[in-house]
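Residue numbers begin at 1 in each chain, while the letters A, B, ... track the order of the sequences.
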There are 2 protein chains.
Amino acid sequence: MSLKYALLGFVDMMPISGYDLKKLFDSSVVYYWSATHTQIYQTLAQMAEEGLVDIEVVQQVEHPNKKLYTITDKGRQALREWITTPQELSIVRHALLVQISWADRLRTKEIVNLLDTYAQKLHQRLVLYQEESQLSPLQYARSKRERLLWQLTIDNGVAVYKAELQWAENAILQLRALENSTSSNLEKSHESE
Amino acid sequence: MSLKYALLGFVDMMPISGYDLKKLFDSSVVYYWSATHTQIYQTLAQMAEEGLVDIEVVQQVEHPNKKLYTITDKGRQALREWITTPQELSIVRHALLVQISWADRLRTKEIVNLLDTYAQKLHQRLVLYQEESQLSPLQYARSKRERLLWQLTIDNGVAVYKAELQWAENAILQLRALENSTSSNLEKSHESE
DNA sequence: CTGCCCATGTAAATGGTTACATGATTGA
DNA sequence: TCAATCATGTAACCATTTACATGGGCAG
């Protein structure tokens, strides 16, 4: 369960509440994992049971009380151990590709539309990352080395999304080319074979 | 739930059993989704309840009986509708990037090791896809157009994994460069700042 | 006075994996 | 005789999402 260790790393930087962890996870810098507040609160509770973190309740007047989580020695040790354990390649679940593989039922126009919508979303995401990588948490890095590591995680997102974008644009070209070649001597044909 | 429609597309090609669907999903051609047999059997049962598929039990002597699933008109309609519905970008859950982001605790050698192990796995996967794309189910495509679409799903995997590979190799270079620049006038230093 | 921020939680459902179970056939 | 293939399933668990719940402070 990687979420546990994603959280633990932040807790190791500073005592922090579940609420603030959620905000960090929503920032695009932590693009490589996401979680709902429900899951974060529950995972933190579980980590406390396992002795990886300690809880300190901070009384507040103008706001609801908050729980600050602090890493323990056991937590620090568990984190270090997990970090060095090789992980399997992530399992791919790519809804668009499921659609593409059965899209022969659609008109070329519709398929191109699917790909184009996808490309637009990729483009938005890319812009977000490239902007974000200039500002924000990267500056809180405690060493040049840590900043490089954080930059690398963003670079990964940029690299992957750029590859997907190129793929989508190229896919559109190939589909159009096929359409032109097969319906070249027919007016507005919708036949597929 | 994309699994339902991934299954439905195959069922629309030919009457097929859960067992054979599992085999298809395990072939690397369907790289974009995976499922255990448990999940496939249960999803098929659910699809039957919803009236998307019909079940025919085939009695066998030398082997256990099997259930052949056939698509219904309702199923065909549901599939077409889902295919044209734009999906959100997949949620990224990238365990290696969680490790990288907290890896300042490790020696450069250990980080490089992580990246290198990852790169090797990517390489294996890439070889698999590029081999597989020549043989196998691609030949069962019912039209030139369908074959192009299936090829595109494989191309996507190849493109993404190539991008990740380049990223990993580049990351190793950057880490080594940083190490050389910061410990240039120290013998075997392990300091990070 | 509307809606967002602060801050945490419970309950229920969905999606997915792992373990356990059966039992005949076939090839090394 | 050992393991794999054929073929399906249940039960329990883990991971994650969605919906529901509370309640004061603060800005437009």
Side-chain angles (χ1 to χ4, degrees), chain A residues 1-8 10-11 15-27 30 32-50 53 55-69 82 87-95 98, chain B residues 1-8 10-11 15-27 30 32-50 53 55-69 82 87-95 98:
Chain A
M1 212 246 245
S2 312
L3 174 59
K4 196 153 87 179
Y5 300 99
L7 292 168
L8 207 46
F10 285 113
V11 176
I16 187 170
S17 65
Y19 187 87
D20 287 330
L21 280 164
K22 170 61 178 160
K23 282 200 290 185
L24 279 174
F25 271 70
D26 287 345
S27 81
V30 189
Y32 47 76
W33 211 274
S34 60
T36 57
H37 76 269
T38 313
Q39 208 190 349
I40 290 175
Y41 288 131
Q42 268 165 7
T43 305
L44 284 169
Q46 186 198 307
M47 287 159 68
E49 269 181 47
E50 291 171 41
V53 292
I55 309 180
E56 184 203 348
V57 179
V58 179
Q59 306 288 337
Q60 297 187 123
V61 195
E62 317 260 292
H63 291 296
N65 296 342
K66 65 160 101 178
K67 293 182 179 173
L68 282 187
Y69 291 87
W82 180 82
Q87 306 293 311
E88 290 305 304
L89 292 189
S90 321
I91 290 168
V92 179
R93 297 197 196 273
H94 204 315
V98 177
Chain B
M1 209 246 245
S2 311
L3 174 59
K4 195 151 88 179
Y5 300 99
L7 292 168
L8 207 47
F10 284 113
V11 176
I16 187 170
S17 66
Y19 187 86
D20 287 329
L21 281 163
K22 170 61 177 160
K23 282 200 292 185
L24 280 174
F25 271 70
D26 287 345
S27 80
V30 189
Y32 46 76
W33 212 272
S34 59
T36 57
H37 76 269
T38 312
Q39 210 191 346
I40 290 175
Y41 288 131
Q42 268 165 9
T43 305
L44 284 169
Q46 188 198 307
M47 287 158 68
E49 269 181 47
E50 292 172 39
V53 292
I55 308 179
E56 183 204 349
V57 178
V58 179
Q59 305 289 337
Q60 296 187 124
V61 196
E62 316 260 294
H63 290 298
N65 296 341
K66 66 159 101 176
K67 292 183 181 173
L68 281 187
Y69 292 86
W82 181 82
Q87 305 293 310
E88 290 306 304
L89 291 190
S90 322
I91 290 168
V92 179
R93 296 197 196 274
H94 205 316
V98 177

Fill in the blank from the handout: On a heavy-atom basis, the closest approach of A95(A) and W33(B) is N-CZ3, 3.9 Å

Exercise for the section: Over all heavy atoms of both residues, which pair between F25(A) and S34(A) is shortest? Give the atoms and the distance, please. Expected result: CD2-CA, 4.2 Å

Residues 35-47 of chain B side chain polar contacts: donor-acceptor under 3.5 Å, at least two apart:
| from | atom 1 | to | atom 2 | distance (Å) |
| --- | --- | --- | --- | --- |
| T36(B) | OG1 | Q39(B) | N | 3.4 |
| T43(B) | OG1 | Q39(B) | O | 2.7 |
| Q46(B) | NE2 | E50(B) | OE2 | 3.0 |

Handout entry: Residues in side-chain contact (heavy atoms from CB on, under 4.5 Å) contact with Q59(A), at least two apart in sequence or another chain
Key = V57(A), N65(A)

Practice task
Take atom CZ of F25(A) and atom P of dA7(C), then tell me their distance rounded to the nearest Å.
Solution key: 18 Å

Completion exercise
Note: A48(A) and I55(A) closest approach over all heavy atoms is CB-CD1, 3.8 Å

Problem - Stretch residues 58-66 of chain A: residues that reach within less than 4.0 Å of DNA chain D through a heavy atom - result: E62(A), P64(A)

Completion exercise
Dot-bracket for DNA chain D, 5' to 3', Watson-Crick and G-U pairs with both distances under 3.5 Å, [ ] for crossing pairs, | for partner on another strand, reads ||||||||||||||||||||||||||||

Handout entry: Nearest-Å distance for atom pair CG/C1', residues L21(A) and dC6(C)
Key = 15 Å

Problem - CD1-NZ distance between I16(B) and K66(B), expressed to the nearest 0.5 angstrom - result: 9.0 Å

Practice task
Find the distance K67(A):NZ to dC6(C):P and express it as a whole number of Å.
Solution key: 19 Å

Handout entry: Salt-bridge contact D20(A)-K23(A) (side-chain N to carboxylate O under 4.0 Å)
Key = yes

Practice task
May I ask you to say what K4(B) touches in the nucleic acid, namely base, sugar-phosphate or nothing, with a heavy-atom cut-off under 4.0 Å?
Solution key: nothing

Practice task
Apply side chain to side chain contact (heavy atoms under 4.5 Å, CB included) to the pair S17(B) and K22(B), showing each step before the final yes or no.
Solution key: CA-CA 9 Å; S17(B) 66; K22(B) 170 61 177 160; over 6 Å; no

Problem - Pairwise side-chain contact, Q87(A) with W82(A), heavy-atom cut-off 4.5 Å (strictly under) - result: yes

Practice task
Please report, rounded to the nearest Å, how far the P atom of dA7(C) is from the CD1 atom of I40(A).
Solution key: 14 Å

Exercise for the section: With a 4.0 angstrom cut-off to heavy atoms of chain B, pull out the first and last contacting nucleotide of DNA chain D, in 5'-to-3' order. Expected result: dT5(D) to dT17(D)

Exercise for the section: Quick one: do Y69(B) and L7(B) satisfy side chain to side chain contact (heavy atoms under 4.5 Å, CB included)? Show the steps, please. Expected result: CA-CA 10 Å; Y69(B) 292 86; L7(B) 292 168; over 6 Å; no

Practice task
At under 4.0 Å between heavy atoms, which parts of nucleotides 11-16 of chain C does protein reach? Answer with one letter per nucleotide, 5' to 3': B base, S sugar-phosphate only, - none.
Solution key: B---SS

Handout entry: CZ on R93(A) to OH on Y32(B), rounded to 0.5 Å
Key = 13.0 Å

Practice task
Using atom OH of Y19(B) as one end and atom C1' of dT22(C) as the other, report the distance to the nearest whole Å.
Solution key: 14 Å

Exercise for the section: Measure the spacing between CG of L8(A) and CZ of F10(A) and express it to the nearest 0.5 Å. Expected result: 11.5 Å

